[in-house]
Amino acid sequence: MVRQDADRREGRRTVMGQAENRIFSHTVTPVCLDFFVCVIPACFVLENAMAGPSLVVLSGPSGAGKSTLLKKLIKEYDSVFAFVLSHTTRNPRPGEENGKDYHYVTREVMQAGINNGEFVEHAEFSGNLYGTSKAAVQDVQARNRIGILAANSQGVKNFKETDLNCIYISIQPPSMGVLEKRLRGRESETEESIQKRLKTAKAEMEFSEEPGVFDAVIVNNDLRTAYDELKKFLLEKIKVKESNSTSP
Ligand SMILES: Nc1nc2c(ncn2[C@@H]2O[C@H](COP(=O)(O)OP(=O)(O)O)[C@@H](O)[C@H]2O)c(=O)[nH]1
Ligand SMILES: Nc1ncnc2c1ncn2[C@@H]1O[C@H](COP(=O)(O)OP(=O)(O)O)[C@@H](O)[C@H]1O
């Protein structure tokens, strides 16, 4: 199930940070390519897609399926989307890799980076710091991709304070019961960590109800359906034809 808020983004121009940070100083052209999308080659479509949003921000409670969905999207559309590698002070989970899932850093190192103006935004979640560095956004932009990342509600608020041209999508679980089951099923958290995540889940879920915050709210019940909804919404937004995907 997908809920779309008013299309407030088409025609918006990004002028953020020319003085503060030149990586955001390019101008974003409005996307109005419905006709051309049908007839021009993939490279042109991609080039014009790059004139759209800089970032896609997925938010929602821990365990809702943000990482699962964004990984699927990047896998299928690796010529369009790229993961924005956040920093965190939390420990890596089994199977997670430094430089692939997060930059895992100490609080001291991260705080020093924040103080030094190296972060676009940062937030505290469940006893740890998380943040998006300017370098991480720059890296994605240099590869001519639309960045995609997960952020908590504070992160969404932070991004909205910038002039970055973001699409905000809330990923919601079908119910609190299902959320808890998924968090436990992931087998990544201690009981204490699960409790902390469940405690903040209600607020993260309620945040999706605030008017005008999200461009779309997707309830991740059946994964395939939720993924199709996410894909359809984003590809329509950035005017990329599905057939331009690099996947088979
Ligand atoms: N503000 C902000 N939040 C982030 C960032 N990266 C991850 N998060 C959020 O931090 C929270 C915890 O992430 P994580 O520890 O990976 O746990 P998970 O949500 O249970 O998979 C989630 O809400 C993420 O969306 C970031 O760069 N900035
Ligand atoms: N639609 C779904 N149905 C069942 N399990 C799901 C679904 N979406 C995600 N999961 C599982 O739920 C757990 C939490 O998903 P994850 O992507 O880690 O959430 P988040 O990144 O929002 O914390 C993972 O074990 C994942 O495989």
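Just follow the structure's listing: the first ligand is 1, and inside any ligand the first atom is 1.
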Taking the side chain as every heavy atom from C-beta outward, state whether Leu230 and Leu58 have any pair of such atoms under 4.5 Å apart. yes

Among all protein heavy atoms, pick the one closest to atom 2 (C) of ligand 1 and tell me residue, atom and distance. Glu121 OE2, 3.5 Å

Residue, atom and distance of the protein heavy atom nearest atom 11 (C) of ligand 1 read Phe125 CD2, 3.6 Å

Side-chain heavy-atom pair Tyr227, Asn220 within 4.5 angstrom cut-off: no

the protein heavy atom lying closest to atom 17 (O) of ligand 1 turns out to be Arg93 NH2, 2.9 Å

Should Val156 and Met205 be counted in the same cluster of Ile, Leu, Val, Met, Phe, Trp and Tyr side chains packed under 4.5 Å apart? no

Does a side-chain heavy-atom distance below 4.5 Å link Val213 with Lys160? yes

Side chain, backbone, both or neither: Glu189 near ligand 1, heavy atoms under 4.0 Å: neither

With a 4.0 Å cut-off on N to O distance, would you call Arg90 and Glu96 a salt bridge? yes

At a non-hydrogen distance cut-off of under 4.0 Å, which region of Glu124 contacts ligand 1 (side chain, backbone, both, or neither)? neither

When distances are taken from atom 21 (O) of ligand 1, the protein heavy atom at minimum range is Arg186 NH1, 3.1 Å

As an exercise, identify every atom of ligand 1 less than 4.0 angstrom from a heavy atom of Arg90. 14 (P), 15 (O), 16 (O)

Going by heavy-atom distance to atom 23 (O) of ligand 1, choose the closest among Ile194, Val120, Asn152. Asn152

Residue portion contacting ligand 1 (non-hydrogen atoms closer than 4.0 Å) for Glu96: neither

Within the structure, does His122 bring an N/O atom to less than 3.5 angstrom of an N/O atom in ligand 1? no

The protein heavy atom nearest to atom 8 (N) of ligand 1 is Ala150 O, 3.5 Å

Considering distance alone, does some N or O of Gln154 sit under 3.5 Å from an N or O of ligand 1? no

Min N/O separation Ala123 to ligand 1 under 3.5 Å: no

For His87, which of Tyr102, Tyr104, Phe119 qualifies under ring pair (Phe, Tyr, Trp, His ring centres under 6.0 Å)? Phe119

Would you please say whether a donor-acceptor pair under 3.5 Å links the side chains of Thr190 and Glu192? no

CZ of Arg224: more than 12 outside heavy atoms within 6.0 angstrom? no

Atom 16 (O) of ligand 1: which protein heavy atom is closest, and how many Å away? Tyr102 OH, 2.6 Å

Would Arg93 and Glu189 pass as an ion pair if we require N to O under 4.0 Å? yes

Judged by atom type as modelled, is there a donor-acceptor pair below 3.5 Å linking the side chain of Glu204 to the main-chain atoms of Asn152? no

At less than 4.0 angstrom from any atom of ligand 2, which residues have a non-hydrogen atom? List them by chain and residue number. Pro61, Ser62, Gly63, Ala64, Gly65, Lys66, Ser67, Thr68, Arg182, Arg186, Asn220, Asn221, Asp222, Leu223

The one among Ser62, Gly60, Ser86 that brings a heavy atom closest to atom 27 (O) of ligand 1: Ser86

Location of contacts on Lys66 toward ligand 1, heavy atoms closer than 4.0 Å: side chain

Could you tell me whether Arg143 and Asp139 make a salt bridge, using a distance below 4.0 angstrom between a side-chain N and a carboxylate O? yes

Are Ser133 and Glu118 linked by a side-chain donor-acceptor pair shorter than 3.5 Å? no

Of the side chain and backbone of Arg197, name the one, both, or neither that has a heavy atom under 4.0 Å from an atom of ligand 1. side chain

Kindly indicate whether the side chain of Arg184, heavy atoms from C-beta on, has any atom under 4.5 Å from the side chain of Glu191. yes

Given 3.5 Å as the limit, does a donor-acceptor pair link the side chain of Lys202 with the main chain of Met176, or not? no

Report whether Ile146 and Ile171 are members of the same hydrophobic cluster (ILVMFWY, side-chain heavy atoms less than 4.5 Å apart, transitive linking). yes

Check this for me - ligand 1, Ser67, N or O atoms closer than 3.5 angstrom, yes or no? no

Of the listed options (Gly155, Ala151, Gly63), which comes nearest to atom 25 (O) of ligand 1 when hydrogens are ignored and any heavy atom counts? Ala151

